[in-house]
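Values below: all heavy atoms of this structure, side chains included; hydrogens, waters and symmetry mates excluded. Note on naming: letters A, B, ... go to the chains in the order of the sequence lines (proteins, then strands), and numbering restarts at 1 for each one.
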2 protein chains.
Amino acid sequence: MTLSEQKLSKSATDNAYLLTSVFSELNGAVLNVPAGKVLAAQGEDVRSVFRIDRGFVRICVYTEDGARRIVGFSGAGSIIGLDQLNHPSWNVAVEAVSHCVVVAVPKAFVNRQIEADCRVRDGAMRCLQDEIEQREAHLVMMGILPSSERVHAFLSTFAKLRAREGFLVLPMCRRDIGDYLGLSMETVSRSFTALREMGRIELKGAERFRIVEEQDASVDHRAA
Amino acid sequence: MTLSEQKLSKSATDNAYLLTSVFSELNGAVLNVPAGKVLAAQGEDVRSVFRIDRGFVRICVYTEDGARRIVGFSGAGSIIGLDQLNHPSWNVAVEAVSHCVVVAVPKAFVNRQIEADCRVRDGAMRCLQDEIEQREAHLVMMGILPSSERVHAFLSTFAKLRAREGFLVLPMCRRDIGDYLGLSMETVSRSFTALREMGRIELKGAERFRIVEEQDASVDHRAA
DNA sequence: CGCGGTTTTGAGCTCAGTCAACGTACGTGG
DNA sequence: CCACGTACGTTGACTGAGCTCAAAACCGCG
């Protein structure tokens, strides 16, 4: 696993399909969540597990002194809360970054399905394993990369996750990115500028970006 | 979950007892691992899952450019590798920090037991959930605390995990602590010195330490 | 067109990294 | 037993990446 392959939620969605049967609209409520709304507050009782069907959420941790860290972003297809099934209350907050459509399935129902259906159990374990992998990749990145490289890795991952050509819209603001990458809002902004000036990304306004594919500097051109 | 309650492996061992039946000596090999030895190399095929019965291991990630990050330490009672069950090869390395006694149980057997025994399944899921919680706490700490506070939080956690009075022996060296906390070896050393001079820890040589209980500065003494 | 929020840019400062020297503990072999 | 070597830890001087505070620019919207 290279740093640039660090995941936001890609393989999580690859495995989440194993849980399709559980997150049917028959088993839970379909919620329409406006941007900024809190889906689950830190400390609140865990009642449901969510599947994101549209939009983007951030997973936040608030510390005693009011600081916020974002430990992950998740987009359509991701399942949120499998790691909370044995907790009485949420130890993270789940907040909509953009307008979201979410299926909320009662925790007890999810637990029963895990008990009853070995495909569901397998899917849930794979999702948890993916989450561990994501957190570890995040941790490694935070420890090693300088600011601009972190921002570039973040944008690359985001772009790969979307796997679409052309400019992409970033749903989250600079502060969110900063809280995710362990940088100040200003440093994130400066990194955007630096990457643009280096020709490694293109920007349209503050929200739209495109990764410029770069030659791998480690490739030895003498071979050509 | 406060930062000072951040876990190395405490609750992991609380849940690992649910898997006692799987990690019986009858089901796997008991290994005697000298300090420094690699239990599982990054990239190596996943053949076994381990339970640490004595000693301490570090979970490492090596990047392409040779840098090392430590994503966790685990002590007696912890189970290592449940997050690797669906991976062909280890995406982390497991290395003995001190002399260890380890039970290695074949991956296929663990998978079968998870399939067959719902207590085992439940235990495995709880262990995975704990691991996510640990990684998230680690991530939060890395993003927020300055160097000395990180070292103090690390030592506090280590001490709570051991839950013993008096001086404790740190099995890992300064560089290991640095790679875990995202600090250089020198900064870790300076933090030890600073904490000692502040009277927040006591040291006997480089390896033995004791946390000095401190008054919570946020307590308002006018109330007394 | 003006307003509020977000982003960008600038200036100064600080914490932690690097490089380098020195200290300390331990094990080996003369 | 002591001299030596090696590995680890500590300390110092210097440097620089990123933080803070502050101001300006930009954008969407009523």
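To the nearest 0.5 Å, atoms OG (A:Ser191) and CZ (A:Arg174) are separated by 10.0 Å. To the nearest 0.5 Å, the span separating NZ on A:Lys160 from CG on A:Leu155 amounts to 11.5 Å.
One finds a salt bridge joining A:Glu136 and B:Arg135 here, because a Lys/Arg side-chain nitrogen approaches an Asp/Glu carboxylate oxygen to under 4.0 Å. Using a 4.0 Å cut-off between charged side-chain N and carboxylate O, B:Glu202 and B:Arg196 make no salt bridge. The pair A:Arg51-A:Asp53 counts as a salt bridge, with a side-chain nitrogen and a carboxylate oxygen less than 4.0 angstrom apart.
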Salt bridge (charged side-chain N to carboxylate O under 4.0 Å, His left out) between B:Glu186 and B:Arg175, intermediate numbers included: CA-CA 8 Å; B:Glu186 293 92 334; B:Arg175 176 168 298 282; 5.9 Å; no
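Straight-line distance from the NZ atom of A:Lys204 to the P atom of D:dC26: 19 Å, rounded to whole Å. A straight line from CZ of A:Arg175 to P of C:dT6 spans 9 Å, rounded to a whole angstrom. In this structure, CG of A:Leu170 is placed 15 Å from P of C:dT6, rounded to the nearest angstrom. The distance between atom CZ of A:Arg208 and atom C1' of C:dT7, rounded to the nearest whole Å, is 17 Å.
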Sequence-aligned protein contact record of nucleotides 8-24 of chain C, with B where the base is within under 4.0 Å of a protein heavy atom and S where only the sugar-phosphate is: BBBB----SSBB-----
N/O-N/O pairs, protein side and nucleotides 28-30 of chain D side, under 3.5 Å:
none

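Minimum heavy-atom separation, B:Leu181 to B:Met142: O-SD, 3.2 Å.
Taking the six-membered ring where tryptophan is involved, the planes of A:Phe50 and A:Trp90 are essentially parallel, since the angle between them stays under 30° and well short of 60°.
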